[in-house]
Amino acid sequence: MKNELTLSFLAIEENEALARMAMTCFITPLDPTLEEISEFKTIVSEAVTNAIIHGYECDGKSLVTIHATIEDRLIKMTVKDEGMGIFDVEQAMEPMFTTKPQMERSGMGFTIMESFADCIRVDSTLGAGTIVTFEKNFSPVTEVSRMR
Amino acid sequence: MATITQLENGIVLITLAGELDNHEANQIRTEVSTAIFTGKTRAIIWDLYKLGFMDSAGIGLILGRMRDLAPVNGETLILNPSPTMEKIFQFSGLSAVIRKCTVEEAIDEIGGVVHEK
Ligand SMILES: Nc1ncnc2c1ncn2[C@@H]1O[C@H](COP(=O)(O)OP(=O)(O)OP(=O)(O)O)[C@@H](O)[C@H]1O
Ligand SMILES: [Mg+2]
């Protein structure tokens, strides 16, 4: 199957749930397993939350944009903000690294995204914004689930 | 959503439901913190059997409360996470406090007294 989606929304926390819901609907035709769905939702949630709270510091007026394609059973997704950018991407991706410990961030977002996606790339420019790119292959539909 | 119950012997039971993301964590953080600072909390049991989704915000919330309890050497147990949540806890070094058991069994482990349910 082939499909494509672009979704832009304001940098407010309420939109974290909206993004998860929209992206879950987008992958539903692939008949993913429950675990694939929840891992994919987690990836979306981490990336979108980062864009909202770090990229834009919840400014409530800038836009976060998700672009995603499905080709056969491969989903490619980018989550983009035009916010403050990341000072040092390599450091930001280390487990437990956070610039907002006072907000009870654990610094686990990138570690979770890396583990749940097949691959992840982070392109960021200070003062210009961040694009996080993911790929995830969904497992072939089994006979059992086809009979449902 | 968080349902908070003060059990005997300073054990606080927090049953989470719905989706625990950054937005939700910010909604419930004050309520949870207040409950812990009222009374002599020495252990927190997080029951996740009703929780449909959790991301790193859940880790921040739970680690934050573990820090609150550190001065009294308080205990934390996390019950019944989904397979995906369990992975997230593993990445965050929290495997040791995960249990698949009932609240009563968790209370037993901590060493509290269960009266009527
Ligand atoms: N879109 C972004 N724009 C600017 N900075 C970002 C962005 N995404 C991540 N960062 C930076 O990278 C750091 C690490 O991100 P990561 O998601 O791993 O942890 P966190 O968001 O701080 O905490 P957690 O995700 O565990 O709640 C952040 O603290 C922030 O400094
Ligand atoms: Mg994050």
Side-chain angles (χ1 to χ4, degrees), chain A residues 9-21 23-24 32-58 60 64 92-117, chain B residues 1-2 14 16-37 44 46 48-70 76 78 80-95 97-98:
Chain A
F9 47 85
L10 277 185
I12 54 173
E13 293 179 342
E14 284 81 353
N15 283 334
E16 295 157 10
L18 173 119
R20 288 196 300 274
M21 226 178 288
M23 295 314 292
T24 303
T33 63
L34 281 179
E35 203 157 344
E36 282 173 334
I37 295 174
S38 67
E39 291 188 5
F40 182 72
K41 267 173 94 168
T42 313
I43 296 171
V44 172
S45 200
E46 297 295 348
V48 165
T49 302
N50 279 355
I52 294 174
I53 68 172
H54 299 299
Y56 292 131
E57 301 209 286
C58 305
V64 179
M93 294 183 79
E94 279 169 21
M96 316 283 224
F97 176 84
T98 181
T99 48
K100 288 194 166 33
Q102 77 287 359
M103 286 175 64
E104 292 199 344
R105 310 311 316 179
S106 58
M108 291 305 295
F110 276 128
T111 306
I112 294 169
M113 290 184 258
E114 268 185 299
S115 312
F116 288 169
Chain B
M1 206 190 69
I14 304 174
L16 297 171
E19 308 217 318
L20 180 54
D21 61 5
N22 163 61
H23 179 60
E24 172 73 4
N26 291 340
Q27 301 285 311
I28 64 177
R29 181 170 287 113
T30 316
E31 190 191 347
V32 170
S33 288
T34 310
I36 287 165
F37 285 115
I44 304 176
W46 301 85
L48 309 190
Y49 83 104
K50 277 184 180 169
L51 191 63
F53 174 83
M54 186 197 81
D55 66 15
S56 62
I59 301 295
L61 183 74
I62 292 177
L63 285 177
R65 305 297 71 70
M66 288 173 89
R67 270 194 294 275
D68 290 347
L69 286 192
T76 296
I78 301 167
N80 310 311
S82 74
T84 304
M85 293 171 202
E86 194 167 353
K87 286 184 193 169
I88 296 173
F89 287 121
Q90 268 160 18
F91 306 149
S92 314
L94 288 173
S95 309
V97 298
I98 293 176

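Chain identifiers are assigned alphabetically (A, B, ...) following the order of the sequence lines, protein sequences preceding nucleic acid strands; residue numbering begins at 1 within each chain.
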Colleague: Can you tell me how far the OG atom of A/S106 sits from the CG atom of B/L61, to the nearest 0.5 Å?
Modeller: 10.5 Å

Colleague: With a 4.5 angstrom heavy-atom cut-off, is it the side chain or the backbone of A/T49 that approaches chain B, or both, or neither?
Modeller: side chain

Colleague: Between chain B and each of A/R20, A/M103, A/E39, count heavy-atom pairs under 4.5 Å; write down the option with the most.
Modeller: A/R20

Colleague: Do A/K41 and B/T84 have side-chain heavy atoms sitting under 4.5 Å apart?
Modeller: no

Colleague: Using heavy-atom distances under 4.5 Å, tell me whether B/M85 contacts chain A through its side chain, its backbone, both, or neither.
Modeller: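 It is neither, since no heavy atom gets under 4.5 Å.
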
Colleague: Counting only heavy atoms not in A/K100 (residues, nucleotides, ligands), do more than 12 fall under 6.0 Å from its NZ?
Modeller: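 For A/K100, atom NZ is crowded (more than 12 foreign heavy atoms under 6.0 Å).
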
Colleague: How long is the gap from CD1 on B/I59 to CZ on A/R105, to the nearest 0.5 Å?
Modeller: 11.0 Å

Colleague: What's the spacing between A/E104 CD and B/N22 CG if we round to 0.5 Å?
Modeller: 11.5 Å

Colleague: Donor-acceptor pair, A/E35 side chain versus B/P83 backbone, under 3.5 Å?
Modeller: no

Colleague: Between A/N15 and B/H23, does the side-chain contact (heavy atoms from CB on, under 4.5 Å) criterion hold? Intermediate values first, please.
Modeller: CA-CA 9 Å; A/N15 283 334; B/H23 179 60; over 6 Å; no

Colleague: Where does A/I53 contact chain B at under 4.5 Å (heavy atoms): side chain, backbone, both or neither?
Modeller: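 Only the side chain of A/I53 comes within 4.5 Å of chain B.
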
Colleague: Considering non-hydrogen atoms only, spot the tightest contact between B/D21 and A/A17 and give its length.
Modeller: OD2-N, 4.1 Å

Colleague: Heavy-atom cut-off 4.5 Å, strictly under: side chain, backbone, both or neither for B/F53 against chain A?
Modeller: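 For B/F53, the side chain is the part near chain A, not the backbone.
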
Colleague: Any sub-3.5 Å donor-acceptor pair from A/E46's side-chain atoms to B/S56's backbone N or O?
Modeller: yes

